[in-house]
Protein chains: 2
Amino acid sequence: MSPVRTPEETRMKILETALDLFHRGSFTGTSINQIVDKAGITKGALFHYFKGKNELGYAVVEECLRRQIQEHWITPLATSVDPINDMLAILDKMSQMLVDEPHILECGCPLNNLSQEMSSLDDTFRLKLLELYREWELAIEKSIRAGIDAGNVRSDVDPESASSAIVALLEGSIGMIKAHQNMEYVSRVGQGITRFLLSLKP
Amino acid sequence: MSPVRTPEETRMKILETALDLFHRGSFTGTSINQIVDKAGITKGALFHYFKGKNELGYAVVEECLRRQIQEHWITPLATSVDPINDMLAILDKMSQMLVDEPHILECGCPLNNLSQEMSSLDDTFRLKLLELYREWELAIEKSIRAGIDAGNVRSDVDPESASSAIVALLEGSIGMIKAHQNMEYVSRVGQGITRFLLSLKP
DNA sequence: TTGACAACATACCAACTGGTCGGTTTTTTA
DNA sequence: TAAAAAACCGACCAGTTGGTATGTTGTCAA
């Protein structure tokens with residue numbers, strides 16, 4: 001007989017439901033009642049695992065969002081010596097995600113959304129999100145250095161400012177995509193991103 | 001004797017207070033009570049001028065935010081034939097604004113904030129904000145065309161995708177600045193923006 | 001088998017939300 | 001100058017918010 005209580009799964013269910021609702025709506029705009037309803041649990045369970053709504057948000061950042069960044073950016077770039085082509089490949093995959101999961105077209109990037117919403121309201125949120133951004137930027141920065149050494153990136157590129165600009169361009173683009181909500185804009189801004197990345201090639 | 005009731009001023013006061021609170025906080029996170037308190041008026045006055053909170057938001061977009069975009073981007077670029085240098089000059093002015101009005105460092109761009117927050121929640125908001133973005137992009141696009149004709153921009157630059165990427169990069173940058181909240185990051189990402197713009201030069 | 005504790009459930013709370021409505025005061029119009 | 005209309009006030013409303021207190025149920029070690 002399978003156990004009726006699976007605490008790890010319950011916790012995960014809460015985190016994933018919260019992530020999804022924060023993504024589709026917003027942190028402030030999502031109520032605890034919505035989360036417990038959609039997760040099929042009760043407030044008692046939620047407050048058993050998380051001290052409050054903010055703590056739940058922090059956990060979503062540190063567990064869910066960190067995993068996503070790791071998976072999509074940090075791991076693929078970890079051993080890259082040709083970051084420009086590798087990033088273009090990642091963007092191709094992302095672009096495909098926009099087709100497969102259309103709600104991303106409307107809802108944007110969960111990391112960006114949460115950062116835009118909470119950075120000016122709660123410093124703990126801001127710092128936790130900033131940490132993710134730093135990890136992301138550093139992964140790109142490191143790969144650019146490797147790319148320069150391997151002769152795949154122009155030697156006059158400054159890895160620091162380039163990686164910051166790349167992250168800013170990507171987050172800005174996904175934000176604009178959310179406002180446009182159509183694939184024509186996606187390909188238009190995609191061309192712009194591609195041109196920028198190619199301009200870093202020797 | 002000066003009139004005790006100045007309806008135009010009252011309406012403006014409401015709009016400006018709402019803009020400021022939406023900017024510092026968010027649309028959803030700002031209550032009507034906050035707005036009327038800070039504006040020194042009452043709910044009766046607010047609902048006399050605006051049917052509801054959403055209508056007030058729409059008016060903020062169409063009146064306040066449009067004016068800001070016009071003032072900072074559209075007018076300066078209207079007659080430009082050297083858009084790269086002219087945009088760099090605008091960015092210099094923006095950078096100075098970050099020093100003079102430090103709350104922009106924390107609160108970001110009101111247009112970007114509202115767009116990120118409301119695009120997936122309310123289609124009327126999205127379309128009104130999108131209109132502003134289109135005007136902004138078109139102003140840049142037009143100036144790039146003029147720049148190409150005048151020999152100040154590379155002829156292989158696609159004005160459409162380039163203008164989209166520029167707006168995305170700028171909005172992304174101001175969003176990242178909001179997460180970082182320090183001037184070092186501003187100059188770092190500023191270098192990245194500068195490099196991108198200069199890469200469009202012949 | 002039995003405590004002890006973790007894992008839930010549920011009823012409840014004060015504070016706040018956007019919005020309404022009847023009334024008063026000022027301004028404009030006829 | 002009278003009446004109509006615009007400008008504004010503030011008490012009130014039903015619904016929702018994040019959070020709590022108290023209880024019940026399942027699990028597992030001793």
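Letters A, B, ... mirror the listed sequences (proteins, then strands); counts begin at 1. Everything numeric in this text was worked out from a predicted model, so none of it was measured.
- The nearest whole Å value for the distance from the CE atom in B/Met12 to the P atom in D/dA7 is 14 Å.
- The nearest heavy atom of DNA chain C to A/Arg11 and to B/Lys51 marks one nucleotide each, and the one closer to the 5' end goes with A/Arg11.
- Here the nucleotide nearest the side chain of B/Ala45, chosen from C/dT17, D/dC9, C/dG19, is D/dC9.
- Between A/Phe50 and A/Tyr58, the distance from one ring center to the other does not fall under 6.0 angstrom.
- A salt bridge is absent between B/Glu160 and B/Arg145: the closest approach of a Lys/Arg side-chain nitrogen to an acidic carboxylate oxygen does not fall below 4.0 angstrom.
- Not one side-chain nitrogen or oxygen of B/Asn33 sits closer than 4.0 Å to the OP1 or OP2 atom of C/dC16.
- Between D/dC9, C/dG19, C/dT10, one nucleotide has an atom nearer to the side chain of A/Thr42 than all others, and that is C/dT10.
- Classification of the A/Trp136-A/Trp73 ring pair by plane angle, with boundaries at 30° and 60°, yields tilted.
- Projected onto DNA chain C by closest heavy-atom contact, B/Gly44 and A/Glu8 fall at different nucleotides, the more 5' of which corresponds to A/Glu8.
- Per the geometry, CD1 belonging to B/Ile14 stands 11 Å off C1' belonging to D/dA7, to the nearest Å.
- The nearest heavy atom of DNA chain D to B/Arg5 and to B/Lys43 marks one nucleotide each, and the one closer to the 5' end goes with B/Arg5.
- Nearest to the side-chain atoms of B/His48 among the listed nucleotides C/dT17, D/dC8, D/dT17 stands D/dC8.
- Regarding A/Ile32, its CD1 atom lies at a distance of 17 Å from the P atom of C/dT10, rounded to whole Å.
- Remark: P of C/dG18 and CD of B/Gln34 are 8 Å apart, rounded to the nearest angstrom.
- If you check every strand for non-hydrogen atoms under 4.0 Å, B/Phe47 touches a base.
- Rounding to whole angstrom units, CZ of residue B/Phe27 and C1' of C/dT17 are separated by 13 Å.
- In this structure, NZ of B/Lys13 is placed 19 Å from P of D/dA7, rounded to the nearest angstrom.
- At the phosphate of D/dC8, OP1 or OP2 sits under 4.0 Å from a side-chain N or O atom of B/Tyr49.
- In this structure, CG of A/Leu21 is placed 12 Å from P of D/dT17, rounded to the nearest angstrom.
- Distance A/Glu55 CD to D/dG18 P: 15 Å, rounded to the nearest Å.
- Phosphate contact (OP1/OP2 of C/dC8, side-chain N/O of A/Thr10, threshold under 4.0 Å): present.
- One finds a salt bridge joining A/Arg134 and A/Glu137 here, because a Lys/Arg side-chain nitrogen approaches an Asp/Glu carboxylate oxygen to under 4.0 Å.
- The number of heavy-atom neighbours closer than 6.0 Å to NZ of B/Lys38, taken from other residues, nucleotides and ligands shown, is above 12.
- A donor N or O paired with an acceptor N or O is not found under 3.5 Å between the base of D/dG19 and the side-chain atoms of A/Lys53.
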